[in-house]
Amino acid sequence: MSHWRDYLELCKPRVVALIVFTAVVGMLLATTGLPPWNALLAGTAGIGLAASSAAAINHLLDRRIDAVMARTRERPLPTGHLTSTRVVVFAAVIGIASMIILVVFVNVLTAVLTFASLIGYAVIYTTWLKRATPQNIVIGGAAGAAPPVLGWTSVTGQVDADALLLFLIIFAWTPPHFWALAIYRRADYAAVDIPMLPVTHGVNFTRWHILFYTILLVIVTTLPWLTGMSGLVYLAGATVLNAGFLWYAFALLRNDDLQLPMRAFKYSVVYLMVLFALLMVDHYFTAWTVGA
Ligand code: HEM
Ligand SMILES: CC(C)=CCC/C(C)=C/CC/C(C)=C/COP(=O)(O)OP(=O)(O)O
């Protein structure tokens with residue numbers, strides 16, 4: 001028996017919630033006042049529905065490996081709670097709805113870029129990159145990094161340099177986010193022959209790459225302040241967050257504690273959430289102090 005909870009699970013709601021949050025922050029940073037209602041309401045709905053559709057297609061295309069991996073074997077398709085036909089119809093309905101909303105109420109550029117992100121994640125990453133190369137998540141990370149740009153274009157109708165900075169932050173964040181989890185779930189990926197970095201190059205090599213990308217992330221997250229997009233409130237918060245991420249990256253290198261990679265992964269999620277909240281708070285704080 002299928003249930004609304006199964007459809008919700010197809011959408012990867014926690015991941016999509018953070019994706020939507022980064023898109024909303026992109027909208028807020030694109031303008032000094034509040035963004036227009038169509039960008040805020042329709043833009044958010046359109047981007048959220050597209051990301052959910054992409055997540056559902058990922059469940060469909062990955063159903064065979066998901067049935068084998070311990071982390072994913074309780075998903076709605078492997079358990080038989082949902083049939084493939086239902087998932088196809090669901091993903092198509094919300095995917096088409098998202099495109100209509102974006103074209104009618106937002107703008108064509110946002111619709112085109114959102115569609116490209118959907119195809120990038122659901123088709124190119126899932127069917128090809130994920131199975132082809134240990135750089136899968138680095139390249140595929142471009143789709144996950146797009147949402148702040150989509151939020152930005154919802155408001156401005158164009159891609160500006162500041163929007164690309166937000167893209168770069170998520171792009172640099174994705175490898176440490178995912179590889180920390182991949183170390184913890186290495187046996188799962190090995191069992192289904194998915195060439196994730198800890199499977200193909202070992203745990204130690206992956207730890208070093210987590211450190212390299214974390215250093216890159218520290219540099220990239222300083223750019224909003226260096227370029228004048230964000231102020232000292234952001235810089236202070238980002239510095240604390242970065243110190244935490246660097247601590248995890250170095251601790252992973254020195255420590256064989258089996259739970260540490262999972263703690264680093266959880267930290268990465270909190271990190272991105274708080275970092276984008278800081279960008280938002282700083283934006284209004286600066287507007288308030290300049291206006292006062
Ligand atoms: C190629 C890019 C990415 C890959 C391969 C990836 C991979 C994963 C995986 C496998 C999980 C599941 C962990 C588990 O089941 O315990 C996860 C969780 C999560 N990811 Fe990512 N991720 C990517 C990008 C993103 C992006 C762009 C965001 C948001 C901006 C994000 C936010 C999250 C969140 C919030 C969770 C926690 C979900 C929960 O608590 O269940 N991820 N990620
Ligand atoms: C705006 C738009 C359309 C964006 C789409 C971006 C999107 C939904 C990214 C999700 C990232 C993610 C959870 C990847 C994990 O896939 P996986 O197959 O490696 O992980 P899994 O094993 O948990 O399924």
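In listed order, ligands and their atoms are each counted from 1. For reference, positions follow the sequence shown, starting with 1. Predicted model, so just to flag it, every value in this text is computed and none were measured.
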Subject >> Any Thr126 heavy atom less than 4.0 Å from ligand 2 >> reply: no
Original post:
With Phe276, which of Ile169, Val281, Leu18, Val24 fulfils side-chain contact (heavy atoms from CB on, under 4.5 Å)?
Top reply: Ile169
Original post:
Is Ser98 reaching over with its side chain to a backbone N or O of Leu49, donor-acceptor style, under 3.5 angstrom?
Top reply: no
Original post:
Looking only at atom types and distance, does a side-chain atom of Arg186 sit under 3.5 Å from a main-chain N or O of Pro198, one as donor and one as acceptor?
Top reply: yes
Original post:
Any sub-3.5 Å donor-acceptor pair from Thr153's side-chain atoms to Leu150's backbone N or O?
Top reply: yes
Original post:
Hey, is the main chain of Arg71 close enough, under 3.5 Å, to the side chain of Asp188 for a donor-acceptor pair?
Top reply: yes
**OP:** Determine, considering heavy atoms only, which of Gly141, Ala50, Ala51 sits nearest to atom 8 (C) of ligand 2.
**Re:** Ala51
**OP:** Could you tell me whether some N/O pair between Arg14 and ligand 1 is separated by less than 3.5 angstrom?
**Re:** yes
Original post:
So is Arg75 close enough to ligand 2, meaning a heavy atom under 4.0 angstrom away?
Top reply: yes
Subject >> Gly144: numbered ligand 1 atoms lying under 4.0 Å from its heavy atoms >> reply: 27 (C)
**OP:** Compare Tyr189, Phe178, Tyr121 and give the one whose heavy atom is closest to atom 12 (C) of ligand 2.
**Re:** Tyr121
Subject >> Over 12 non-hydrogen atoms of neighbours within 6.0 angstrom of OH in Tyr7 >> reply: yes
Subject >> Candidates Thr174, Val138, Val220 - the one meeting side-chain contact (heavy atoms from CB on, under 4.5 Å) with Tyr213 >> reply: Val138
**OP:** Please check if atom CH2 in Trp128 has more than 12 non-hydrogen atoms from other residues, nucleotides or ligands closer than 6.0 Å.
**Re:** no
**OP:** Would you mind finding which of Phe178, Tyr121, Trp173 brings a heavy atom closest to atom 26 (C) of ligand 1?
**Re:** Trp173
Original post:
Side chain, backbone, both or neither: which part of Thr72 comes within less than 4.0 Å of ligand 1 when only heavy atoms are counted?
Top reply: neither
Original post:
What residue and heavy atom of the protein are closest to atom 2 (C) of ligand 1, and at what distance?
Top reply: Thr174 CG2, 3.2 Å
Original post:
Purely on distance, is any nitrogen or oxygen of Tyr125 under 3.5 Å from one on ligand 2?
Top reply: yes
Original post:
Identify the closest protein heavy atom to atom 43 (N) of ligand 1: which residue and atom is it, and at what distance?
Top reply: His177 NE2, 3.1 Å
**OP:** Compute the shortest N/O to N/O distance between Thr22 and ligand 1 and return yes if it is under 3.5 Å, no if not.
**Re:** no
Subject >> Distance-only N or O hit between ligand 2 and Lys130, under 3.5 Å >> reply: yes
Subject >> Ligand-side contact atoms (ligand 1) for residue partner Val269, heavy atom cut-off under 4.0 Å >> reply: 34 (C), 35 (C), 36 (C)
Subject >> Aromatic ring pairing His201/Phe205, orientation class (parallel under 30°, perpendicular over 60°, tilted between) >> reply: parallel
Original post:
When you measure from atom 5 (C) of ligand 1 to every protein heavy atom, which one gives the shortest distance, and what is it?
Top reply: Ile137 CG2, 3.5 Å
Subject >> Option with minimal heavy-atom separation from atom 6 (C) of ligand 2, where the choices are Leu118, Asp62, Ile19 >> reply: Ile19
Subject >> Nearest-neighbour protein heavy atom for atom 30 (C) of ligand 1, which is reported as residue plus atom name and distance >> reply: Leu272 CD2, 3.6 Å
Original post:
Is there a donor-acceptor pair closer than 3.5 Å between any side-chain N or O of His283 and the backbone N or O of Ala30?
Top reply: no
**OP:** Using distance alone, determine whether Arg71 and ligand 2 share an N or O pair under 3.5 Å.
**Re:** yes
Subject >> Polar proximity ligand 1 side, Arg71 side, N/O cut 3.5 Å exclusive >> reply: yes
Original post:
In the protein, which heavy atom is nearest to atom 32 (C) of ligand 1, and how far is it?
Top reply: Val15 CG1, 3.7 Å
**OP:** For Leu150, counting its heavy atoms only, list the atoms of ligand 2 lying under 4.0 Å from any of them.
**Re:** 1 (C)
Original post:
So which heavy atom in the protein is nearest atom 18 (C) of ligand 1, and how far is it from that ligand atom?
Top reply: Phe265 CZ, 3.3 Å
Subject >> Exam field: side chain Asp62 to backbone His59, donor-acceptor pair closer than 3.5 Å >> reply: no
